[in-house]
Amino acid sequence: MHASLDPQVKNWEDMNALCAQDSGLAIIKIILQDAQKHLSDNNNFPFRVALEVDHTQPEVVCKIALECGFKKTWWKKDMSGKPRFVYCK
């Protein structure tokens with residue numbers, strides 16, 4: 001699979017993320033579940049977790065984050081106008 005990837009992707013992205021189970025959502029679920037154990041409630045940041053995701057997944061990642069106990073989620077577009085970044089509070 002990775003042989004057909006664009007060099008910008010192949011040379012810079014983590015193959016574990018690109019080839020992860022469930023279209024990468026398996027790793028995202030683990031990150032969001034474990035994040036709650038390691039984050040402090042006392043911070044002044046507008047978000048607790050920020051993730052870069054496939055442009056087809058922001059809505060489902062927001063849903064997963066809410067299921068993992070985050071109270072608020074939202075996404076923003078990248079410089080190409082694609083929904084790419086998910087924020088969790």
Side-chain angles (χ1 to χ4, degrees):
M1 174 208 167
H2 67 277
S4 63
L5 291 173
D6 183 288
Q8 283 186 315
V9 174
K10 185 168 50 174
N11 295 336
W12 293 99
E13 298 294 335
D14 182 345
M15 280 300 139
N16 291 318
L18 293 174
C19 301
Q21 294 178 354
D22 197 17
S23 299
L25 293 174
I27 289 176
I28 290 172
K29 287 177 189 175
I30 292 169
I31 291 169
L32 291 172
Q33 289 168 344
D34 287 350
Q36 297 287 32
K37 300 176 206 170
H38 303 286
L39 297 171
S40 169
D41 287 332
N42 300 324
N43 70 51
N44 294 323
F45 295 110
F47 54 85
R48 297 180 74 209
V49 171
L51 298 168
E52 180 182 3
V53 301
D54 183 275
H55 72 277
T56 64
Q57 297 178 328
E59 296 290 336
V60 70
V61 172
C62 285
K63 182 176 182 268
I64 291 168
L66 293 170
E67 291 169 356
C68 290
F70 288 93
K71 305 295 182 216
K72 181 179 176 184
T73 63
W74 65 98
W75 57 264
K76 293 192 176 205
K77 295 179 181 178
D78 63 15
M79 292 173 42
S80 301
K82 295 181 179 181
R84 180 77 60 194
F85 304 103
V86 173
Y87 300 91
C88 310
K89 179 94 174 155

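Model, not experiment: these values are computed from the prediction.
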Per-pair distances, 0.1 Å, donor-acceptor, side chain in residues 58-68, under 3.5 Å, sequence neighbours excluded:
residue : atom : partner : partner atom : Å
E59     : OE2  : W75     : NE1          : 2.8
K63     : NZ   : E67     : OE2          : 3.0

Donor-acceptor pairs under 3.5 angstrom involving side-chain atoms of residues 80-89: please list them, not counting sequence neighbours.
residue : atom : partner : partner atom : Å
R84     : NE   : D78     : OD2          : 3.1
R84     : NH1  : V53     : O            : 3.4
R84     : NH2  : D78     : OD2          : 3.4
K89     : NZ   : F45     : O            : 2.9

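With rounding to the nearest 0.5 angstrom, the CG atom of L51 is 11.5 Å from the CD1 atom of I27.
Cluster membership check: I31 shares its hydrophobic cluster with L39, using side-chain heavy-atom separations under 4.5 Å among Ile, Leu, Val, Met, Phe, Trp and Tyr.
Judged as a salt bridge (Lys or Arg N to Asp or Glu O under 4.0 Å), the pairs with a partner in residues 24-34 (not counting sequence neighbours) are, in order, D22-K29, D34-K37.
I28 has its side chain within reach of L25: a pair of non-hydrogen atoms, C-beta onward, lies under 4.5 Å apart.
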